Student: 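Okay, handing you the structure first.
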Amino acid sequence: MATVESKIVDEVPREPEKPVDREKTCPMLLRVFCATSRHNALSEFSRGNTPSNELQIYTWMDATLKELANLIKEVNPDARRRGTYFDFAIVYPDPKVPGYRRREIGSVCSGMKGQDDQMTLQVKRFQIGDYLDVAISLAKAPLRRGRPY
């Protein structure tokens with residue numbers, strides 16, 4: 001009796017990511033909304049409103065999540081601590097009903113290498129006009145060791 005094998009390949013051929021020439025390409029405005037320990041509620045994005053915690057970053061489609069986390073750390077001193085997590089999500093208009101949807105795209109940990117560090121906005125199918133929602137989970141303060149006095 002012969003054995004039968006099958007192999008299913010679920011790979012859609014993608015065109016390779018084209019590098020952006022940052023000297024010749026104009027950056028886009030990326031509207032980033034940061035919140036501590038949670039993502040912003042989708043209801044905050046309704047009817048043309050946005051959350052009040054907006055950060056505007058000029059960047060390119062080939063910006064990595066690690067690069068974006070570093071830009072957020074420049075303006076958010078609490079997030080500079082080693083071990084702080086940045087959970088990224090794209091908020092985009094829902095094509096079926098009025099309102100917005102959220103899609104998680106990855107997380108980065110400050111001071112550590114991770115699998116999502118080199119993911120770019122382009123790879124995650126970010127479109128101009130979408131928002132970036134970042135949940136910042138602050139690292140615990142290091143315990144002081146030594147004498148209590």
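This structure is a prediction, so every number in the text was calculated from the model and none was measured.
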Student: How many angstroms lie between atom CG of L65 and atom OG of S107, to the nearest 0.5 angstrom?
Tutor: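 So the gap between those two atoms works out to 8.5 Å.
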Student: Got a sec: does the CZ of R38 have more than 12 other heavy atoms crowding it under 6.0 Å?
Tutor: yes
Student: Using every non-hydrogen atom in the two residues, find where W60 and C26 come nearest and quote the distance to one decimal.
Tutor: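 Heavy atoms of W60 and C26 come nearest at NE1-C, 3.8 Å.
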Student: Between T120 and D62, which heavy-atom pair has the shortest distance, and what is it?
Tutor: CG2-O, 3.4 Å
Student: Checking the side chain of D117 only, and the main-chain atoms of G114 only, is there a donor and an acceptor separated by less than 3.5 Å?
Tutor: yes
Student: Hydrophobic clusters here meaning ILVMFWY residues chained together by side-chain heavy-atom distances under 4.5 Å, can you tell me if Y85 and L71 are in one?
Tutor: no
Student: Between the main-chain N or O of I90 and the side-chain N or O of R103, is there a donor-acceptor pair closer than 3.5 Å?
Tutor: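 Looks like no, no N/O pair under 3.5 Å.
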Student: How is the hydrophobic cluster of Y131 composed, in terms of its other members, when Ile, Leu, Val, Met, Phe, Trp and Tyr link through side-chain heavy atoms under 4.5 Å apart, directly or indirectly?
Tutor: F33, L42, F45, V91, Y100
Student: If you measure from CG on N40 to CG on D133, what distance do you get to the nearest 0.5 Å?
Tutor: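 Reported value, rounded in 0.5 Å steps: 4.5 Å.
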Student: Taking R80 for the side chain and E74 for the main chain, is one N or O donor matched with an acceptor at less than 3.5 Å?
Tutor: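 Judged by distance alone, yes, a pair lies under 3.5 Å.
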Student: Under a 4.5 Å cut-off applied to non-hydrogen side-chain atoms, are I105 and M119 in contact?
Tutor: no
Student: For the CE atom of M28 and the OH atom of Y58, what is their distance to the nearest 0.5 Å?
Tutor: 12.0 Å
Student: If you take all heavy atoms of K73 and F86, which pair is closest and at what distance?
Tutor: CG-CZ, 3.5 Å
Student: Measuring from atom SG of C34 to atom CD1 of I72, what distance do you get when rounded to the nearest 0.5 angstrom?
Tutor: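 Going from the SG atom of C34 to the CD1 atom of I72 covers 4.0 Å.
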Student: Under a 4.5 Å cut-off applied to non-hydrogen side-chain atoms, are L121 and L68 in contact?
Tutor: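 They are in contact (side-chain heavy atoms under 4.5 Å apart), so the answer is yes.
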Student: Under 4.5 Å between side-chain heavy atoms, hopping through other hydrophobics if needed: is there a path connecting L132 to L29?
Tutor: no
Student: From N76 CG over to R81 CZ, what is the distance, rounded to the nearest 0.5 angstrom?
Tutor: 10.5 Å
Student: Within this structure, what is the CD1-OG1 distance for the pair I136 and T84, rounded to the nearest 0.5 Å?
Tutor: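 So the CD1 of I136 and the OG1 of T84 are separated by 8.5 Å.
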Student: Sequence neighbours left out, what passes side-chain hydrogen bond (donor to acceptor under 3.5 Å, both in side chains) with D94? Give chain and number order.
Tutor: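 Checked D94 against side-chain hydrogen bond (donor to acceptor under 3.5 Å, both in side chains); zero matches.
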Student: Look only at the side chain of K66 and the backbone of C109, and say whether a donor-acceptor pair between them is shorter than 3.5 Å.
Tutor: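 Side chain of K66 to backbone of C109, a donor-acceptor pair under 3.5 Å: yes, one is there.
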